[in-house]
Visitor: 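Below you will find the structure I want to go over with you.
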Amino acid sequence: MNPWMQKLLAMSSGDAKRFQMMVAPLLVVTVLVLMVLPLPPLVLDIFFTFNIAMSLMVMMVAATMLRPLDFAAFPSVLLLTTLLRLSLNVASTRVVLLQGHTGTGAAGAVIESFGHFLIGGNFAVGIIVFAILVVINFTVITKGSERIAEVAARFTLDAMPGKQMAIDADLSAGMIDEAEARKRRREVGEEAEFHGSMDGASKFVRGDAVAGILILFINIIGGFIIGVVQHGLSASQAAESYILLAIGDALVAQIPALLISVAAAMVVSRVGKDQDVGTQITTQMLENPKVIGVAAGIIGLLGVIPGMPSLIFLPMASGLGYASWRIYAKQEAARQAPKAPEKPQSAPNPNGEASWEDLQPVDTLGLEVGYRLIQLVDKDRGGDLLNRIKGVRRKFAQEVGFLPPSVHIKDNLELKPSFYRITLRGAVVGEGEVYPNMLMAINPGHVTNPIAGTQAVDPAFGLPAVWVEERQRDVAQMAGYTVVDPSTVVATHLSHLMQLHAAKLLGRVETQQLIEHVTKLAPKLIEDVVPKMVGIATLQKVLQLLLEEGVHIRDMGSIIETMAEHCAVQPNLVNDPSELARRIRVGLAPAIVQQIYGPVRELDVIAIEPDLERLLTQALTSANGPMLDPGVADHLTRQAAEATHRQENMGHPACLLVPDAIRPSVARLLKRAAPRLKVLGHSEIPETHSIRIGTLIGGHA
């Protein structure tokens with residue numbers, strides 16, 4: 001074996017990597033050598049052959065790739081191959097002008113062969129062939145690929161924000177993980193950079209075609225003058241030597257340039273990611289037998305016309321007709337073939353290999369039922385729970401302001417037969433027990449006459465209840481109970497939990513869908529604000545902060561207008577979702593108050609005793625951060641829970657009125673102890689309403 005080959009095979013991976021890093025610099029140095037140093041004809045032949053081989057390799061890579069990013073190095077390859085061709089033109093021009101008087105073999109065997117074999121030694125034919133190649137390359141291929149590259153770059157850059165938002169939405173929905181999201185973002189960026197580079201790199205091909213024309217005429221004129229003036233050749237001898245060499249040199253350079261131009265056009269015009277160009281063409285053009293059959297018929301008609309070459313047309317028509325019949329027969333046989341029975345889905349094979357199919361996505365909202373409750377979701381057995389859940393989602397969307405995720409229902413044999421469980425992103429948020437053939441009689445709080453039945457607790461609101469038979473419905477209703485069926489119990493519990501966890505249900509996907517819905521109603525508003533002024537992530541966080549405190553987001557127009565108004569004056573607010581949410585609450589004050597109290601004008605509120613309020617303000621607004629004494633916090637939470645109970649017993653909404661500065665902190669502090677208590681700031685009371693203190697925390701009303 002050749003010792004150089006042995007050394008190449010013995011290269012370590014590190015040596016191979018260093019060699020790959022040196023390829024581009026070595027090629028640039030080679031280009032400079034070709035331009036500066038005179039080279040013998042044999043070396044020129046080697047480089048011309050290498051140039052043709054490289055052009056063929058580039059075109060084959062472009063033809064077999066599946067997507068443009070598979071050949072991301074193409075702009076750089078385009079630059080280097082163009083420089084290599086131009087440097088070869090310079091080197092061959094030097095040899096032609098210096099040694100052309102010695103004969104047509106002065107510039108090497110490659111140029112001489114192209115001059116004699118391709119054009120038969122006739123320089124007039126050579127000029128015409130070269131002109132045709134230039135027209136094909138410059139006017140047709142290069143111009144078209146340049147336009148495609150320009151449009152592709154523009155559309156790719158315009159689509160980048162939408163692609164990034166789609167990736168963020170998939171990530172928030174749990175459809176992809178962080179690693180996959182980073183990979184997709186990197187691909188989006190690389191795709192934009194690639195098409196931007198191709199938009200500029202296509203100018204290399206165009207300039208190369210122009211340079212080929214100029215170099216040809218320079219070689220013809222310069223060679224003719226040198227041959228006649230310096231070497232004393234006759235006009236015919238100078239034309240035979242120099243012009244033939246110049247044309248051969250131009251053709252040797254133009255054919256690889258044409259291959260590179262075709263490769264560039266194939267790269268920028270690539271559509272689809274699943275098949276290479278050859279597979280796409282064969283599958284899309286040869287799968288329809290009607291197309292081939294019509295072509296065969298037309299060729300056959302032309303063949304029977306007198307004067308037409310029937311010996312060419314009729315065999316061609318016969319071949320196309322036979323191909324059409326074969327394709328049709330194959331497709332018909334595939335349609336008539338019996339389909340294999342579908343395998344029922346079963347548990348994974350414990351002895352099989354693990355796969356991604358074993359990984360099931362986590363449902364945003366899930367409802368698991370015991371086997372006795374399956375009849376509630378079975379329409380054939382009279383179950384109407386599915387329709388109830390559809391109604392719950394519709395009501396939630398109408399009241400809260402966005403469409404919640406679908407509820408995925410499945411049976412769970414690990415549950416007790418009559419139990420159900422509600423999950424949020426895989427975590428249990430509620431559970432209960434219902435009896436399919438019975439009714440739940442709920443005591444709203446004023447029933448004094450007990451009825452016979454199984455004692456229970458309403459799972460949604462914790463009220464005392466009794467499970468009774470269907471025949472006891474009238475008795476329970478006359479006694480003052482609220483009687484509901486099992487499907488209503490489950491649906492009400494689900495609706496209550498959806499209201500409590502509305503902020504967690506508003507993911508990135510739901511936020512994007514909400515924006516798309518509002519865009520249909522107020523396109524100009526969304527265009528000016530989202531995402532120009534406020535990004536999707538900030539908007540989602542602001543909406544979640546509102547939902548955490550039970551503020552509905554139906555009025556998205558007012559919410560976005562308020563955000564735009566404040567962010568235009570204070571752009572830094574985009575980085576403070578809490579402050580944005582506070583200002584939006586002030587803007588939505590009439591709607592918030594009406595949501596709590598209804599249409600009344602006098603608001604019965606809970607207030608904090610002035611000394612305790614002053615203490616809370618000092619502790620919660622300290623420059624060093626909130627520093628509330630644990631004893632004070634415990635006293636406040638107990639008093640708030642008791643005040644909430646008293647207000648509800650009096651038939652009034654439980655609403656605490658506090659100074660604006662401490663409202664968010666107090667709301668977070670009391671959320672766990674008194675979840676039904678609403679906390680309003682002074683600025684959130686509309687001027688059209690008056691207040692009356694019904695209960696005082698820390699003192700007496």
Side-chain angles (χ1 to χ4, degrees), residues 367 369-396 398-399 415-422 430-500 594-600 604 641-655 674-678 694-695:
L367 175 62
V369 297
Y371 71 85
R372 285 184 184 171
L373 303 185
I374 295 177
Q375 59 178 299
L376 298 180
V377 297
D378 189 354
K379 292 183 178 180
D380 295 336
R381 299 168 64 179
D384 61 346
L385 183 56
L386 291 177
N387 291 331
R388 297 290 179 89
I389 292 177
K390 292 178 181 178
V392 167
R393 294 183 67 236
R394 188 181 304 111
K395 182 181 178 182
F396 180 94
Q398 293 171 349
E399 291 183 353
L415 289 176
K416 293 181 180 180
S418 300
F419 270 72
Y420 68 91
R421 179 183 292 166
I422 299 172
E431 55 186 0
E433 184 178 14
V434 295
Y435 300 97
N437 299 318
M438 301 181 71
L439 301 174
M440 175 175 276
I442 303 173
N443 183 353
H446 53 76
V447 176
T448 57
N449 297 327
I451 57 175
T454 303
Q455 299 297 317
V457 175
D458 169 35
F461 303 102
L463 298 175
V466 181
W467 284 102
V468 297
E469 301 287 344
E470 174 66 33
R471 54 185 174 81
Q472 295 178 271
R473 176 194 292 269
D474 294 337
V475 175
Q477 289 178 340
M478 292 178 61
Y481 287 89
T482 301
V483 182
V484 294
D485 58 74
S487 295
T488 302
V489 174
V490 178
T492 303
H493 193 190
L494 175 64
S495 175
H496 177 66
L497 292 175
M498 289 172 63
Q499 295 277 351
L500 287 180
Q594 181 168 325
Q595 178 184 332
I596 298 172
Y597 287 92
V600 301
D604 197 298
E642 294 172 1
T644 299
H645 186 66
R646 286 197 299 270
Q647 285 288 99
E648 291 177 343
N649 286 341
M650 291 187 293
H652 300 303
C655 180
R676 295 190 300 275
L677 177 65
K678 306 296 182 183
T695 305

Visitor: Kindly write out the residues that satisfy side chain to side chain donor-acceptor pair (under 3.5 Å) with Thr492, not counting sequence neighbours, or none if the list is empty.
Guide: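 Side chain to side chain donor-acceptor pair (under 3.5 Å) check on Thr492 returns nothing, list empty.
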
Visitor: Can you pull out every salt bridge (Lys or Arg N to Asp or Glu O under 4.0 Å) where at least one residue sits in residues 483-495? Sequence neighbours excluded, please.
Guide: Arg388-Asp485

Visitor: What residues form a side chain to side chain donor-acceptor pair (under 3.5 Å) with Arg646, not counting sequence neighbours?
Guide: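 Residues passing side chain to side chain donor-acceptor pair (under 3.5 Å) with Arg646: none at all.
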
Visitor: Donor-acceptor pairs are to be reported for all side-chain atoms of residues 453-465 against protein atoms at under 3.5 Å, with residues two or more places apart or in another chain.
Guide:
| from | atom 1 | to | atom 2 | distance (Å) |
| --- | --- | --- | --- | --- |
| Asp458 | OD1 | Ala460 | N | 3.4 |
| Asp458 | OD2 | Phe461 | N | 3.2 |

Visitor: Can you list the residues that meet the side chain to side chain donor-acceptor pair (under 3.5 Å) rule with Gln499, with sequence neighbours excluded?
Guide: Glu399

Visitor: Taking only residues two or more places apart in sequence or in another chain, which ones pass side chain to side chain donor-acceptor pair (under 3.5 Å) with His652?
Guide: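 Residues passing side chain to side chain donor-acceptor pair (under 3.5 Å) with His652: none at all.
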
Visitor: Of all residues at least two apart in sequence or in a different chain, which pass the ring pair (Phe, Tyr, Trp, His ring centres under 6.0 Å) check with Phe419?
Guide: none

Visitor: Listed by chain and number, what are the salt bridge (Lys or Arg N to Asp or Glu O under 4.0 Å) partners of Arg372, not counting sequence neighbours?
Guide: none

Visitor: Could you go through residues 430-444 and list every donor-acceptor pair under 3.5 Å that involves a side-chain atom there, pairing it with any protein atom two or more places apart or in another chain?
Guide:
| from | atom 1 | to | atom 2 | distance (Å) |
| --- | --- | --- | --- | --- |
| Glu433 | OE2 | Tyr435 | OH | 3.2 |
| Asn443 | OD1 | Gly445 | N | 2.9 |
| Asn443 | OD1 | Val447 | N | 3.2 |

Visitor: Evaluate the side-chain proximity of Leu385 to Val490: yes if any heavy-atom separation is below 4.5 Å, no if none is.
Guide: yes

Visitor: Working to the nearest 0.5 angstrom, can you tell me the gap between His496 NE2 and Ile422 CD1?
Guide: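 If we round to the nearest 0.5 Å, His496:NE2 and Ile422:CD1 are 10.0 Å apart.
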
Visitor: Name all residues meeting the ring pair (Phe, Tyr, Trp, His ring centres under 6.0 Å) criterion together with Tyr481; count only those two or more places apart in sequence or in a different chain, and write none if there are none.
Guide: none

Visitor: So do the side chains of Met650 and Thr695 get within less than 4.5 Å of each other, counting heavy atoms only?
Guide: yes

Visitor: Assess whether side chain to side chain contact (heavy atoms under 4.5 Å, CB included) is satisfied between Ile389 and Leu367, documenting all intermediate values.
Guide: CA-CA 10 Å; Ile389 292 177; Leu367 175 62; 3.9 Å; yes

Visitor: Sequence neighbours left out, what passes side chain to side chain contact (heavy atoms under 4.5 Å, CB included) with Gln594? Give chain and number order.
Guide: none

Visitor: Tell me, with the steps shown, if Cys655 and Tyr597 meet side chain to side chain contact (heavy atoms under 4.5 Å, CB included).
Guide: CA-CA 9 Å; Cys655 180; Tyr597 287 92; 3.0 Å; yes

Visitor: Just verifying a value: how many Å separate Met478 CE and Ile451 CD1, rounded to the nearest 0.5 Å?
Guide: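 Answer for the CE-CD1 pair, Met478 versus Ile451, is 12.0 Å.
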
Visitor: Search all heavy atoms of Asp604 against all heavy atoms of Gly694 and return the closest pair with its distance.
Guide: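 That would be OD1-CA, 3.3 Å.
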
Visitor: So which pairs with a foot in residues 461-484 pass salt bridge (Lys or Arg N to Asp or Glu O under 4.0 Å), sequence neighbours left out?
Guide: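 Qualifying pairs: Glu470-Arg473.
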
Visitor: Do you know which two heavy atoms are closest between Leu373 and Tyr420, and how far apart they sit?
Guide: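 Heavy atoms only, the tightest pair is CD1-CB, 3.9 Å.
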
Visitor: I need the His645 NE2 to Arg676 CZ distance, nearest 0.5 Å.
Guide: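 Nearest 0.5 Å value for the NE2-CZ distance: 9.0 Å.
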
